[in-house]
Amino acid sequence: MKKFKYLAMVSLAALGMTSCGDFGDTNIDPEHLNEGNVPYEMIFSNAQHQALGSDWDMWRTGSIYAAQWTQQLSSIDWWDWYGRYEWSDGYSASFWDTFSSDRGAMRDVTTCYDLWKDTEGRELDYNIARVMRIYAFAKMSDLYGDIPYSQAGRPALYSYPVYDTQEDIYKSMLAELDEAQANLGSGTATMGEHDLYFQGDAAKWKKFANSLMLRLAMRLVKVDAATAKTYAAKALANGVQTSIDDNVKLDHAGGVTTNDSAEPFAKIHAHEDREFYVATTLVDMLKATNDPRLGLICAVVPTQDGKQYTDIQKNSAGTWTEADYGDMSFAAQRGMPVGGYNNNSASQYFVGQVDADFQNADFLANYGAYISSPNRATYCDPTGPTFIVTYAQTCFLLAEAAQRGYISGSAESYYNKGVTAAFEQFEQFPAYAYALAALNADATVGIAGGTLAQYAAAYLAANPFNSSKALEQINTQYYITTFGDPHEVFANWRRSGYPELTPAPMAALDAACATDGSIPRRFRYPSSEAQINATNYNAAVSNMGGDTFGTRVWWDAK
């Protein structure tokens, strides 16, 4: 994890380099950072890290916004405003920082992409950079719509980059992924261990490229079914992930919440912001099917002040004790009401109007002792992995592609493999054995000495694939297994329409609600773009039909 300590420094080095003009200078200044003395491999490492979101933007666009919009998390104290769809420029625009500033993932990956493109001996590195760049820009475009793409990440050349249309971006990304994967057969890239995902393993990156191609292809089902079908079939034929060993993830072994080495989602919920609870929508969904993953996803844990659960920093050892893990039992889990409610008994938004227990003064003062929070042995572990593209997600997308007739094969078979992988994926959390032991001892859903595969088989036996509800089942499972990645949950929910969510009731009462009361469909651009890059910003807004929370991105057709 020592490598992460240098990432911010290297990113700033990249900023300095890209602000200086010519990369072809023959005279190298040893006293200043430049192309002759900066390790570009570490710049690539920084891009891999920051493209996933730091705690800054994962907190704002992820937990405060996307996770509340999709009803996986709920806050009734600090962030209830945003559960009613109020707009904050800084929060909505926070992920935009990955274009530049000290988090400049797009700039850093583009720097490596351009440098390695025609460099002998760097063929694998270049094609890996192509895949990474597409992942980063696809994430940005899914959040905002039309964005700078063809000119982005090159500030020395384009001070005011044009916004490419999302349609053009997607068609370019799909074609480039197909080219990149064709050049990623086997071998190890020169960057080696500086590749934080696969240590330069070209075969793993090939599967990543094709699984990402499948994801992007399936984004288009509502707007361009022909292209979706073409590239879904290409992805499968080229070779997608085949087991959880192929999961694309960033591990955070040894990560701590006092710096940028921790898993971002976990850092927020272990330390930075302990007022988010798991929403009733998700808890009730899992309880309805006796899903044993409930206790792997959430737990009822000790509280610091009755309302905030305990801060990991209060533990001098920097790790959870047995008591800190809390109660993972199925029966104990209880979701926080969703809908923009708050804990102010005098407010028109008071949560007591939908949950009578909050009308009890003692319960209201100590609700953290009764409501589920993210599980500290899995999604709330700062040393845990950030999942990027997983085998379970890929199987569910293949199941949908088969159901739609895009590819051959059985939708049911792909679905069953996806559910199994979604269960088995929990073993990739460092402390999963603790959670599994608690599950095995559970009085409601436990299996004595059970394995994750056995739980998956039992779940499938009790909840078999139903072809008449295939799209709903598939995408509901995608929603569950993607917990911890609010951006992807938000994207796939908009694409698929599942699970069916009811807009926040309190939004209709809030004069500051930034929609017509419906769930937002995208993030707004930073307001600064209207001044700094006005011509290109205005062209994008005109093309998209607006710049509001209610404006739909191209692939999110009604």
Side-chain angles (χ1 to χ4, degrees), residues 44 47-48 51-52 105-106 109-110 112-114 116-117 122-143 147-150 152-153 164-187 189 191 195 197-198 200-221 223-242 246-249 387-391 393-398 400-401 406-407 487-488 491-492 495 553-555:
F44 184 76
Q48 289 186 295
L52 308 183
M106 277 62 168
V109 72
T110 302
C112 295
Y113 172 99
D114 290 343
W116 294 335
K117 183 175 183 179
R122 288 284 194 173
E123 291 82 7
L124 291 179
D125 300 75
Y126 167 60
N127 284 288
I128 287 172
R130 296 173 85 180
V131 178
M132 189 65 230
R133 187 173 189 268
I134 289 168
Y135 171 82
F137 277 92
K139 189 180 183 79
M140 180 71 80
S141 182
D142 288 344
L143 293 178
I147 59 168
Y149 177 67
S150 58
D164 298 84
T165 69
Q166 189 177 62
E167 180 176 7
D168 288 345
I169 292 169
Y170 256 76
K171 290 179 178 177
S172 173
M173 291 192 299
L174 287 166
E176 187 164 7
L177 280 173
D178 199 22
E179 291 179 9
Q181 67 82 30
N183 292 295
L184 288 166
S186 61
M191 71 175 79
D195 167 18
Y197 302 167
F198 295 123
D201 186 335
K204 292 287 189 182
W205 276 91
K206 182 181 180 73
K207 291 182 179 181
F208 179 12
N210 289 314
S211 300
L212 179 59
M213 184 191 301
L214 174 65
R215 175 186 285 187
L216 300 189
M218 297 303 288
R219 288 279 200 266
L220 309 185
V221 296
V223 69
D224 189 348
T227 298
K229 180 177 182 179
T230 295
Y231 279 97
K234 275 180 177 285
L236 179 60
N238 292 340
V240 296
Q241 296 162 317
T242 55
D246 295 328
N247 281 353
V248 188
K249 58 187 176 68
F387 290 108
I388 302 166
V389 175
T390 69
Y391 174 54
Q393 293 168 344
T394 295
C395 287
F396 291 133
L397 293 174
L398 289 172
E400 180 172 341
Y406 292 176
I407 61 172
H487 297 141
E488 181 59 21
N492 197 68
R495 177 197 75 81
V553 302
W554 168 71
W555 53 252

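Hydrogens, waters and symmetry mates are skipped; everything else that's a heavy atom, side chains included, is used. We're numbering straight along the sequence, starting at 1.
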Using 0.5 Å steps for rounding, measure from the [atom1] atom of [X] to the [atom2] atom of [Y].
X    : Y    : atom1 : atom2 : answer
L236 : L397 : CG    : CG    : 12.0 Å
K117 : Y126 : NZ    : OH    : 4.5 Å
F198 : K206 : CZ    : NZ    : 14.0 Å
E176 : N127 : CD    : CG    : 8.5 Å

With a 4.5 Å cut-off on side-chain heavy atoms, are [Y] and [X] touching?
X    : Y    : answer
K207 : Y391 : no
E400 : R495 : yes
L220 : W554 : yes
L216 : W555 : no
F208 : L184 : no
H487 : L143 : yes
Y149 : M173 : yes
E167 : D224 : no

Consider side-chain hydrogen bond (donor to acceptor under 3.5 Å, both in side chains). Of T394, N247, D246, which one does Q241 pass it with? T394
Partners meeting side chain to side chain contact (heavy atoms under 4.5 Å, CB included) with Q48 (sequence neighbours left out): F44, M132, D195, L196, Y197, W205
Just to verify, what does A189 make a side chain to side chain contact (heavy atoms under 4.5 Å, CB included) with, not counting sequence neighbours? L124, D125, I128, M191
Less than 4.0 Å between a side-chain N and a carboxylate O, is that true for E179 and K234? no
